[in-house]
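Lettering of chains follows the sequences in order, A, B, ..., and the numbering in each one begins at 1.
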Protein chains: 2
Amino acid sequence: MLSSRFLMGRHREDLSEIELTALEQAADSVTTYGAREELVHHGTEINHSMLLVEGFVCRYMDGLEGDRQLVALHVPGDFVDLHGFPLRRLDHDIASLIEVKVANYPHPVLSKLIIDHPNLGRMLWFSTLLDAAMHREWIFRLGRLGASGRVAHFFAEIGRRLQMVGLSDGCNFPLPLHQSDLAEACGITAVHANRVLRELRERNIVTFKGGHVNVTDIRALHSIAEFDDGYLYPSAH
Amino acid sequence: MLSSRFLMGRHREDLSEIELTALEQAADSVTTYGAREELVHHGTEINHSMLLVEGFVCRYMDGLEGDRQLVALHVPGDFVDLHGFPLRRLDHDIASLIEVKVANYPHPVLSKLIIDHPNLGRMLWFSTLLDAAMHREWIFRLGRLGASGRVAHFFAEIGRRLQMVGLSDGCNFPLPLHQSDLAEACGITAVHANRVLRELRERNIVTFKGGHVNVTDIRALHSIAEFDDGYLYPSAH
DNA sequence: CGTATGATTGAAGGGTCTCAAAATAGGTGG
DNA sequence: CCACCTATTTTGAGACCCTTCAATCATACG
């Protein structure tokens, strides 16, 4: 099922069988993209939105001197550009990190879906606000944490999110990024990201190698990241 | 009219007279808060959302050591916690900066409003995504710009937003913040914010004194801020 | 086996922070 | 209207974190 991970661990249970079926059937096609492909270019009008079924996708903005800032990272079950439905065009770019599979939801179909199923409409809205909540936490991370806190927080968040969709235990998970990507997510240089990773490794907190994260001391990780998963709005609390 | 500034300059023209009237009548009361009052505490379940009619409001998150990070600043015409409608509880705090007037929209009324007026519903959704777009730009600002760029960008954004709701020409506007608040918005210390303000003043770019911003060289301001207003989704482009 | 890409390390410089003090502004009571 | 008190702004000096630039090492791939 294409949408089986949508809102998994995030109040998916608030959706009825009828609504889940309607959502599943609203996808008109599935597309596969290769690694490091641009899925959406900023400014372009879009007429469909994509649900990530498999793989990892990131959103980013470019500065004047070729410097790049990641503003979001998406895991399976996330809509990557549902905000493009009300916004019509995006203010940033979207690209795949590895080979990905996405389900396409035409905007006219979404319009009808929302009118026919108001509660589903509100949950779609809710899912875009989860992105906003993560944006806020990223603002906090960049504004208040040092380099190691930022990296630790990033790992903690992705681990928890993968756990919510059943793809990790929260400590062991794939993360197909280069160190330079991690740096672009954390607002630091690639060189310093490397030094931070060494520090975290030597303190036996977390290792990141070959696109795979292994958390060995999650208490310490959460502590230096000042991490609390409340902003992810998990179902249980 | 309470909602006369809602989406002003941001495709408000996509709303019909009927929809505008319905929105205006959905407010069940108006509340006045004093300066520096907490309007919403994170974690609390909320059952209404507030449209800012007059004054300035900020949203923020607190770190472990009493350090605070602003994640949003609101001007008249903004819903300050419409995201609380789908989210039910907030992940951050909201407080007034000066005396403010807000219009209250009970969530049950919003539910009905959206079912009766799907297009209005989509514009309400749209307005929460504008916040998300600003969040992303703040991430970029914190991740990629130095201290003076961050401060310049903050001034540029608020000026442009006040201009869109008819409260400024973009160069001259009230901004009731202390330098320490500005610092908390830009992820720097209050001491350094002071030095940055001196630098911007001495370069004849912008002055900030007594809660008032005066931009003297908007080209230079936008340049060092790498500012482009596209992410604010203005009506005209 | 050679080449390209990414990871790792070193050294030096710069931007921002911390700590501390002084100056200014705003508000209050005499 | 002045004197006082408090909050805020301003300035200085030193330390630290991170960046920059450069080189070396490891790894994957043709």
Side-chain angles (χ1 to χ4, degrees), chain A residues 34-36 58 63-70 97-99 141-155 174-203 206-214 224-225, chain B residues 34-36 63-69 97-99 141-155 174-203 206-214 224-225:
Chain A
R36 304 272 164 177
C58 70
L64 290 180
E65 290 127 25
D67 50 330
R68 174 166 296 185
Q69 175 65 44
L70 293 204
L97 290 165
I98 51 174
E99 181 173 303
R141 178 162 87 208
L142 293 173
R144 293 297 140 194
L145 302 182
S148 26
R150 295 183 198 177
V151 171
H153 190 287
F154 184 73
F155 286 154
L175 186 61
L177 299 176
H178 299 157
Q179 290 187 2
S180 54
D181 301 318
L182 181 67
E184 287 170 355
C186 295
I188 57 179
T189 60
V191 169
H192 199 58
N194 180 275
R195 292 190 226 272
V196 167
L197 287 172
R198 179 177 55 181
E199 180 217 332
L200 293 174
R201 191 191 324 125
E202 288 172 350
R203 289 172 65 187
V206 59
T207 60
F208 176 58
K209 195 164 180 60
H212 198 92
V213 174
N214 198 322
I224 60 176
Chain B
R36 304 272 163 177
L64 290 179
E65 292 126 25
D67 49 331
R68 174 166 295 186
Q69 175 65 44
L97 289 165
I98 51 174
E99 182 173 303
R141 179 162 87 209
L142 293 172
R144 293 296 141 197
L145 301 183
S148 24
R150 295 184 198 177
V151 171
H153 190 287
F154 184 72
F155 286 155
L175 186 61
L177 300 175
H178 298 157
Q179 291 187 2
S180 54
D181 301 319
L182 182 66
E184 288 169 355
C186 296
I188 58 179
T189 60
V191 170
H192 199 59
N194 180 274
R195 292 191 228 271
V196 167
L197 287 173
R198 178 178 53 180
E199 180 216 333
L200 293 174
R201 191 190 324 123
E202 289 173 349
R203 287 172 66 188
V206 59
T207 60
F208 176 57
K209 193 161 183 62
H212 197 92
V213 175
N214 197 322
I224 61 177

Exercise for the section: Mind checking B:Gly210 for me? I need base, sugar-phosphate or nothing, with any heavy atom below 4.0 Å counting as a touch. Expected result: nothing

Problem - Those residues that, when tested against B:Arg36, pass salt bridge (Lys or Arg N to Asp or Glu O under 4.0 Å) (two or more places apart) - result: B:Asp181

Problem - For A:Glu184, all residues meeting side chain to side chain donor-acceptor pair (under 3.5 Å), sequence neighbours excluded - result: none

Practice task
Using side chain to side chain donor-acceptor pair (under 3.5 Å) as the criterion, list what pairs up with A:Arg203, not counting sequence neighbours.
Solution key: A:Glu199

Fill in the blank from the handout: When rounded to whole Å, the CZ to P distance for the pair A:Arg195 and D:dC21 reads 14 Å

Problem - Spacing of A:Leu97 atom CG and A:Leu175 atom CG [to the nearest 0.5 Å] - result: 8.0 Å

Problem - Value in whole Å for how far the C1' atom of D:dT8 lies from CG of B:Asn194 - result: 10 Å

Problem - Nearest-nucleotide pick for A:Val191, side chain only, options being D:dA22, D:dT10, D:dT8 - result: D:dA22

Handout entry: Partner residues of B:Arg141 under the side chain to side chain donor-acceptor pair (under 3.5 Å) criterion, sequence neighbours left out
Key = B:His153

Problem - Separation between CZ of A:Arg198 and OG of A:Ser148, rounded to the nearest 0.5 Å - result: 12.5 Å

Fill in the blank from the handout: One should read off an interatomic distance between A:Arg144 CZ and B:Leu142 CG, to the nearest 0.5 angstrom, of 9.0 Å

Completion exercise
5'-most contact on DNA chain D (nearest-nucleotide basis), A:His192 vs A:Lys209, goes to A:His192

Completion exercise
Contact span of DNA chain C against chain B, any nucleotide atom under 4.0 Å from a heavy atom, 5' to 3', runs C:dT16 to C:dC19

Exercise for the section: Starting at CG of A:Asp67, measure out to CG of B:Leu145 and round the result to the nearest 0.5 Å. Expected result: 8.0 Å

Handout entry: Distance below 4.0 Å between B:Arg198 side-chain N/O and D:dT10 OP1 or OP2
Key = no

Problem - Of residues 181-190 of chain A, the positions that come close to DNA chain C - non-hydrogen atoms, cut-off under 4.0 Å - result: none

Exercise for the section: Answer with yes or no whether B:Arg144 presents, from its side chain, a donor or acceptor under 3.5 Å of a partner atom in the base of D:dT19. Expected result: no

